[in-house]
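Whatever order the structure lists them in is the order used to number ligands and atoms, beginning at 1. The analysis underlying the following values was restricted to heavy atoms, covering all of them including side chains, and did not include hydrogens, waters or symmetry mates.
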Amino acid sequence: PLVTSKELFKKAYEGGYAIGAFNVNNMEIIQGIVEAAKEENSPLILQVSAGARKYARPVYLKKLVEAAVEDTGLPVVLHLDHGESFEICKACIDDGFTSVMIDGSKLPFEENITLTKKVVDYAHEHGVVVEAELGRIGGVEDNISVGEREATFTDPDQALEFVERTGVDSLAIAIGTSHGAYKFKGEPYLDFKRLEEIMKRLPGFPLVLHGASTVLPEFVEACNKYGGSIHSAKGVPEEMLRKAASLGICKINIDTDLRLAMTAMIRKYLAENPSEFDPRKYLGAAREAIKEMVKHKIRNVLGSSNKL
Ligand SMILES: O=C(COP(=O)(O)O)N(O)CCCCO
Ligand code: NA
Ligand SMILES: [Zn+2]
């Protein structure tokens, strides 16, 4: 069934693990992700960005997710990623999403609170949970482009006030991550001191880590081996993600690692099978790559195997 993340986050917080939130844009990506979760007996969040809604059109993604739930019997959270207005959050709530993010992180503090509270009030009336963002993650991806230097980390005292005044169910925090494949110029770094300060003020409150792809080198190399040109790509080491998952981070957002796995596989397949032109062949290979990537994340990063 479609479920909210309330209970999943509570168990994840207490159990010292996190739930994967994977971005979906088409059938093969959804199938690969849910097959992995089924085999790992893992809770799962499928998230749809505004860009994905435009690309696939809302009704297709909704029906594909419903099909995945029916086909696997898995409890799945259907979440709007980076909703930037009350209107898009309302549309998704009215369309049966069980969770929405209202991303007011570009707004001044007070305006972020006002907007978030408006979404929380509507969502809670409809049994839907809300994720908000305080502090700004940088990075360029799907028109979420915040100048790297403008990115400001989450202030722990503001986080406490924000949660108290909005009633939001989970909070995306900025502790050094950014969207996309170019997260760090120098050494990767997450501000765990800041995470612990936020946890002190909000004990048991679910925190969310965006921009959490590792950008695994073997997939970047595979892309480049078969015609790609991706350079200076760097992500969050899996060791840091495991540490974050063991702390108050209950939701870890992964999109770039899926994109790289899928792209590497398609490039490789086409290069090795020059006479093949049946889309099911390379899209099927891509689906397998997604599945293996998600199983790897569940086992090696999230710790959510057998937590259903
Ligand atoms: O935090 C993330 C993903 O982060 P990453 O790029 O590290 O996979 N997201 O929210 C996905 C953003 C996609 C917008 O279309
Ligand atoms: Na956790
Ligand atoms: Zn994000």
Side-chain angles (χ1 to χ4, degrees), residues 5 8-25 29 43 45-56 61 79-84 88 99-103 105-106 131-133 135-146 151 170-184 188 190 192 195-196 198-199 202-216 219 233-238 240-262 290 293-294 297 301-304 307:
S5 49
L8 296 180
F9 286 168
K10 188 169 179 302
K11 284 175 65 181
Y13 202 104
E14 288 157 6
Y17 61 92
I19 316 284
F22 301 97
N23 288 77
V24 297
N25 294 285
I29 294 173
I45 298 169
L46 295 180
Q47 57 185 22
V48 173
S49 68
R53 282 169 63 80
K54 289 192 190 79
Y55 171 78
L61 292 176
H79 175 74
L80 169 65
D81 188 31
H82 290 289
E84 295 209 347
I88 190 171
S99 172
V100 295
M101 177 187 192
I102 177 65
D103 178 358
S105 61
K106 294 192 190 77
E131 173 188 328
E133 181 170 331
R136 300 176 65 170
I137 56 173
V140 181
E141 183 183 15
D142 262 354
N143 64 56
I144 303 169
S145 59
V146 170
S170 66
L171 185 67
I173 58 173
I175 54 172
T177 58
S178 62
H179 289 135
Y182 309 94
K183 298 181 193 299
F184 301 101
L190 293 189
F192 284 104
L195 173 54
E196 281 156 9
I198 294 168
M199 289 170 66
L202 289 163
F205 184 81
L207 301 173
V208 180
L209 192 64
H210 283 241
S213 279
T214 296
V215 186
L216 292 154
F219 291 93
K234 197 179 285 187
V236 185
E238 295 191 328
M240 289 189 189
L241 297 174
R242 281 193 286 273
K243 181 174 178 182
S246 74
L247 296 168
I249 297 289
C250 294
K251 173 174 181 275
I252 289 183
N253 283 15
I254 298 168
D255 189 24
T256 296
D257 280 336
L258 300 189
R259 298 182 177 194
L260 289 169
M262 188 162 192
I290 293 275
M293 173 61 76
V294 172
K297 292 291 179 185
V301 171
L302 300 161
S304 64
K307 301 290 189 199

Could an N or O of ligand 1 be found under 3.5 Å from any N or O of [X], whether backbone or side chain?
{"X": "His82", "value": "yes"}
{"X": "Ser213", "value": "yes"}
{"X": "Ile254", "value": "no"}

*Taking atom 7 (O) of ligand 1 as the point of reference, which of His179, Lys183, Gln47 owns the nearest heavy atom?*
Lys183
*What's within reach of the Na ion (ligand 2), meaning protein N/O/S atoms under 3.0 Å?*
Tyr17 O, Ala245 O, Leu247 O, Ile249 O
Is there a donor-acceptor pair under 3.5 Å between the side chain of [X] and the backbone N or O of [Y]?
{"X": "Tyr13", "Y": "Gly204", "answer": "yes"}
{"X": "Lys183", "Y": "Lys234", "answer": "no"}
{"X": "Lys297", "Y": "Gly20", "answer": "no"}
{"X": "Asp257", "Y": "Thr214", "answer": "yes"}
{"X": "Thr177", "Y": "His210", "answer": "yes"}

Quick one: look at [X] and ligand 1, take heavy-atom pairs under 4.0 Å, and tell me if it's side chain, backbone, both or neither.
{"X": "Ser49", "result": "side chain"}
{"X": "Asn23", "result": "side chain"}
{"X": "Ala181", "result": "neither"}
{"X": "Asp255", "result": "both"}

_Euclidean distance, Asp255 CG relative to Gln47 CD, rounded to 0.5 Å_ = 7.5 Å
_Inter-residue atom distance Leu207.CG - Ile173.CD1, 0.5 Å rounding_ = 5.0 Å
*Rounded to 10°, how big is the angle at the Zn ion (ligand 3) from His179 NE2 to His82 NE2?*
100°
*Would the number of heavy atoms belonging to other residues, nucleotides or ligands and lying under 6.0 Å from OH of Tyr55 be above 12?*
no
*Looking only at heavy atoms, which two atoms of Ala52 and Leu61 are closest? And how far apart?*
O-CD1, 3.6 Å
*Which heavy-atom pair separates His82 from Met101 by the least distance, and what is that distance?*
N-SD, 3.4 Å
*With a 4.5 Å limit on heavy-atom distance, are the side chains of Val236 and Phe184 in contact?*
yes
*What N, O or S atom of His210 is found closest to the Zn ion (ligand 3)?*
ND1
*Strictly under 4.0 Å, does any heavy atom of Met101 approach an atom of ligand 1?*
no
_So is Gly180 touching ligand 1 or not, going by heavy atoms under 4.0 Å?_
yes
*Listed partners of Lys243 passing salt bridge (Lys or Arg N to Asp or Glu O under 4.0 Å), at least two apart*: none
*Pull out every atom of ligand 1 sitting under 4.0 Å from any heavy atom of His210, numbered as shown with elements.*
1 (O), 10 (O)
